[in-house]
Amino acid sequence: MKYTSIYLLLQLGGNAEPTKDDIKAALEKVGIETEDEPVDRFLAGVAGKDVNELVEYGRSKMSGGGGGGGGGGGGGDGAGGAAAVEEKEPEKEEEEEVDMGGGMDMFGGEAEAGKEGDY
């Protein structure tokens, strides 16, 4: 798949006929080292073929494969019918409101009971 991807990227970049050296150089730029044989096999497979036709052929092959379906049922308990171990939920600590004192209101002024401020 990496050879196909690099080949197509090189073509999109303007290289109509990427060579083995082009493919290997592009892969090495992203840190992937490769052997000559797999690149040679890939190039032999696409030699003389129109890439657009190959892509369409691949799409037609994938469309007949179904859609995956809806997953299987749930698995067994694996314990041979033994009762499930009840998990204990951690107790939640209630937060307490702490009076910081200081007699300051929300806007930094002195809060006095019964006195209205400028809001």
Side-chain angles (χ1 to χ4, degrees):
M1 197 68 183
K2 60 187 167 190
Y3 306 118
T4 306
S5 302
I6 291 293
Y7 186 84
L8 292 172
L9 286 171
L10 288 169
Q11 280 198 331
L12 286 171
N15 186 346
E17 293 289 327
T19 64
K20 174 174 57 174
D21 292 333
D22 295 333
I23 293 171
K24 288 182 72 172
L27 287 169
E28 287 174 4
K29 285 190 182 218
V30 294
I32 300 173
E33 293 184 25
T34 186
E35 301 292 323
D36 287 340
E37 186 213 340
V39 179
D40 289 335
R41 276 187 291 151
F42 171 77
L43 288 174
V46 297
K49 297 178 182 169
D50 181 37
V51 173
N52 294 320
E53 290 176 10
L54 292 174
V55 170
E56 285 304 314
Y57 177 74
R59 279 191 189 158
S60 69
K61 296 288 267 185
M62 291 185 348
S63 67
D77 63 1
V85 177
E86 189 174 316
E87 293 184 26
K88 183 178 178 183
E89 291 186 27
E91 294 181 21
K92 295 180 182 177
E93 293 183 25
E94 292 185 26
E95 294 183 24
E96 295 181 20
E97 290 188 26
V98 179
D99 182 14
M100 299 297 282
M104 298 185 73
D105 69 6
M106 165 171 130
F107 298 105
E110 293 291 322
E112 296 182 28
K115 189 174 185 182
E116 294 189 33
D118 294 330
Y119 296 110

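Numbering of residues begins at 1 and proceeds along the displayed sequence. Only this structure's heavy atoms are used, side chains among them; waters, hydrogens and symmetry mates stay out.
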Please determine whether side chain to side chain contact (heavy atoms under 4.5 Å, CB included) holds for the pair Lys2 and Ile32, giving the CA-CA distance in whole Å, both sets of side-chain angles, and the decisive distance to 0.1 Å.
CA-CA 10 Å; Lys2 60 187 167 190; Ile32 300 173; 4.0 Å; yes
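Under the ring pair (Phe, Tyr, Trp, His ring centres under 6.0 Å) criterion, Phe42 pairs with Tyr7, sequence neighbours left out. Asp50 pairs by the side-chain contact (heavy atoms from CB on, under 4.5 Å) definition with Asn52, Glu53, not counting sequence neighbours.
Transitive grouping of hydrophobic side chains (ILVMFWY, heavy atoms separated by less than 4.5 Å) brings Val51 and Val39 into a common cluster.
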Identify every side-chain donor-acceptor pair in residues 8-25 under 3.5 Å, counting partners at least two apart or on other chains, and give the distances.
from  : atom 1 : to    : atom 2 : distance (Å)
Gln11 : NE2    : Ala16 : O      : 2.9
Asn15 : OD1    : Glu17 : N      : 3.3
Asn15 : ND2    : Asp22 : OD2    : 2.9
Thr19 : OG1    : Asp21 : N      : 3.4
Thr19 : OG1    : Asp22 : N      : 3.2
Thr19 : OG1    : Asp22 : OD2    : 3.1
Lys20 : NZ     : Asp40 : OD1    : 3.4
Asp22 : OD2    : Thr19 : N      : 3.0
Lys24 : NZ     : Asp36 : OD1    : 2.6

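Contact check for Leu43 versus Tyr3: no side-chain heavy atoms found under the 4.5 Å cut-off.
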